[in-house]
Chemist: 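Dumping the structure here so I can ask a few things about it.
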There are 2 protein chains.
Amino acid sequence: MPMRRMTRQRRAVMEVLKSTRSHPDAAWIYQEVKKRVPSISLGTVYRTLDALVKEGKVIALHTGGATRYDAFTHPHAHLVCTACGRVEDLELELPHLLEKAQAQNPAVRLDAVRLTFEGLCADCAQNRLEG
Amino acid sequence: MPMRRMTRQRRAVMEVLKSTRSHPDAAWIYQEVKKRVPSISLGTVYRTLDALVKEGKVIALHTGGATRYDAFTHPHAHLVCTACGRVEDLELELPHLLEKAQAQNPAVRLDAVRLTFEGLCADCAQNRLEG
DNA sequence: CTATGTGCAAAGTGTTTGCAAATTT
DNA sequence: AAATTTGCAAACACTTTGCACATAG
């Protein structure tokens, strides 16, 4: 299990990720972290993100295109806007999905849920009405 | 909207996809379709899959790594096995997730749900107990 | 006949990796 | 000092695209 040491790079990646709710990808995180640690490389960003995901400190979202990362790990639903590509959090109580699914499928072992909706974010839904 | 014409290639891609429940990726579909239409190219497979997804005949699953495709479009949950990478269907009644989420988030427009669990498939869960 | 789809190969993204140098513990 | 992590650049895996030819309608 990699990334045991607390380096400046690692701290900066974690702080940048905690500072936003925009579900950024590695390239965006890299640009932000460079403002604090100019020498950092994109490779290090990827390695750090991998480690954080494996440790459960960060969630990886596969939504098509680049992987997005989310430091808010409490189970919640996402909306992927099919018009602008934005990913936002959705208000929705997840009704014990993991427990229910586990009970109905005893042969498998469920560790995590990802609930993702496709549709239009508030801005794009609004623009659709106007335009 | 592309792919209005029913070509041999398109028919073969659709048939191959309907014949499996393994949620294959483009490379696998390409190999299978080549058995029926040897001249087909990987580019055509990608273009055809894109079209089928846009038409709603096929669902694209983004699970990390290559995009996987599913011709079974009735809403259902998936399990991505973190040990072997397999993607299987899960027994689980989706309790009107789309309607509930839409009601709680009136400003956005929800078109589709993707419910994905991470964990161990039956085989890998079993092997874990033995090994 | 004409518009659309195909095959090919080259180019584009996003991500991973080997290695020597730097850093953490 | 020892072990881990970094930066760099090259390699990779997956997907998209331009174009001349083929084909469905």
Side-chain angles (χ1 to χ4, degrees), chain A residues 1-17 22-55 57-70 80 82 85-87, chain B residues 1-17 22-55 57-70 80 82 84-85 87:
Chain A
M1 191 150 290
M3 296 309 210
R4 292 172 267 282
R5 292 183 180 174
M6 183 48 62
T7 62
R8 291 185 314 131
Q9 291 83 340
R10 186 181 195 192
R11 192 185 338 273
V13 168
M14 195 65 221
E15 284 173 9
V16 163
L17 211 34
S22 71
H23 315 88
D25 62 14
W28 187 93
I29 295 165
Y30 171 57
Q31 296 301 338
E32 288 302 307
V33 173
K34 256 211 304 208
K35 295 176 185 168
R36 299 148 153 273
V37 187
S39 69
I40 200 172
S41 70
L42 185 52
T44 293
V45 171
Y46 274 109
R47 278 186 290 229
T48 304
L49 289 168
D50 280 0
L52 292 170
V53 168
K54 284 189 184 117
E55 293 167 20
K57 296 203 173 73
V58 163
I59 287 170
L61 297 173
H62 305 290
T63 60
T67 302
R68 289 160 160 271
Y69 298 88
D70 190 349
V80 180
T82 50
R86 210 178 313 186
V87 175
Chain B
M1 193 150 292
M3 297 306 211
R4 291 172 266 283
R5 291 182 183 175
M6 182 51 60
T7 62
R8 291 184 317 129
Q9 291 84 340
R10 187 183 192 187
R11 191 186 339 270
V13 167
M14 196 64 221
E15 283 173 9
V16 162
L17 211 34
S22 70
H23 314 88
D25 63 13
W28 187 93
I29 295 165
Y30 171 57
Q31 295 302 338
E32 288 303 306
V33 172
K34 257 215 297 212
K35 294 175 186 169
R36 299 147 153 273
V37 187
S39 68
I40 199 172
S41 70
L42 186 53
T44 294
V45 171
Y46 275 109
R47 278 185 291 229
T48 304
L49 289 169
D50 281 0
L52 292 170
V53 168
K54 284 191 183 116
E55 292 166 20
K57 296 203 173 73
V58 162
I59 287 170
L61 297 173
H62 306 289
T63 61
T67 302
R68 290 161 159 270
Y69 299 88
D70 191 349
V80 179
T82 50
C84 71
V87 175

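Quantities reported herein were computed from a predicted structural model and do not represent experimental measurements. Quick note on labels: first sequence line is chain A, next is B, and so on, each numbered from 1.
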Chemist: Between B/L42 and B/A26, what is the shortest heavy-atom contact and its length?
Modeler: CD1-O, 4.0 Å

Chemist: Would you please name every residue forming a salt bridge (charged side-chain N to carboxylate O under 4.0 Å, His left out) with A/K34, sequence neighbours left out?
Modeler: none

Chemist: Report yes if some heavy atom in the side chain of A/I59 is under 4.5 Å from a heavy atom in the side chain of A/L61; otherwise report no.
Modeler: yes

Chemist: Would you mind reading off the distance between A/L49 atom CG and D/dT6 atom C1', rounded to a whole angstrom?
Modeler: 15 Å

Chemist: Please report the interatomic distance CD1(A/I29) to CD1(A/I40), rounded to the nearest 0.5 Å.
Modeler: 10.0 Å

Chemist: Five pairs at each end of the helix from C/dC1-D/dG25 to C/dT25-D/dA1: take the axis at both ends and give me the angle between them to 10°.
Modeler: 50°

Chemist: Mind checking if B/D25 touches a base, just sugar-phosphate, or nothing, with heavy atoms under 4.0 Å?
Modeler: nothing

Chemist: How close or far is atom P of C/dT15 from atom NE2 of B/H62, stated in whole angstroms?
Modeler: 13 Å

Chemist: With sequence neighbours excluded, tell me which residues meet side-chain contact (heavy atoms from CB on, under 4.5 Å) with A/T67.
Modeler: A/A60, A/H62, A/Y69

Chemist: Starting at atom CG of A/D50, determine the distance to atom P of D/dT6, rounded to an integer number of angstrom.
Modeler: 12 Å

Chemist: Can you tell me which residue among A/M14, A/R10, A/R11 is in a side chain to side chain contact (heavy atoms under 4.5 Å, CB included) with A/T48?
Modeler: A/R10

Chemist: Using every non-hydrogen atom in the two residues, find where A/V87 and A/H23 come nearest and quote the distance to one decimal.
Modeler: O-ND1, 2.8 Å

Chemist: So, does A/Y46 get its side chain near the phosphate of C/dT15, meaning an N or O under 4.0 Å from OP1 or OP2?
Modeler: yes

Chemist: Can you list every salt bridge (charged side-chain N to carboxylate O under 4.0 Å, His left out) pair that touches residues 35-46 of chain A, not counting sequence neighbours?
Modeler: A/E15-A/R36, A/E32-A/K35

Chemist: Is the distance from OP1 or OP2 of D/dT15 to the nearest side-chain N or O of B/T67 less than 4.0 Å?
Modeler: yes

Chemist: If the cut-off is 4.0 Å, is A/Q9 near the phosphate of C/dT24, judged by side-chain N/O to OP1 or OP2?
Modeler: no

Chemist: How far does NZ of A/K57 sit from CG of A/L49, to the nearest 0.5 angstrom?
Modeler: 13.0 Å

Chemist: Quick one: B/L61 CG to D/dC14 C1', roughly how many Å, whole number?
Modeler: 16 Å

Chemist: Where do B/P24 and B/L17 come nearest, in terms of heavy atoms and distance?
Modeler: CG-CD1, 3.8 Å

Chemist: Nearest whole angstrom, please: distance from the P of D/dT5 to the CZ of A/R11.
Modeler: 14 Å

Chemist: May I have the distance from B/M14 (atom CE) to C/dG5 (atom P), rounded to whole angstrom?
Modeler: 17 Å

Chemist: Listed in order of residue number, which residues of residues 34-42 of chain B have a non-hydrogen atom at under 4.0 Å from DNA chain C?
Modeler: B/S39, B/I40, B/S41

Chemist: Looking only at heavy atoms, what is the nearest atom pair of B/R8 and B/S39, with distance?
Modeler: NH2-OG, 4.3 Å

Chemist: Find which nucleotide of DNA chain D each of B/A26 and A/Y30 is nearest to by heavy atoms, and output the residue with the more 5' nucleotide.
Modeler: A/Y30

Chemist: For every nucleotide of nucleotides 19-25 of chain D, 5' to 3': is a protein heavy atom under 4.0 Å from its base (B), only from its sugar-phosphate (S), or from neither (-)?
Modeler: ----BBS

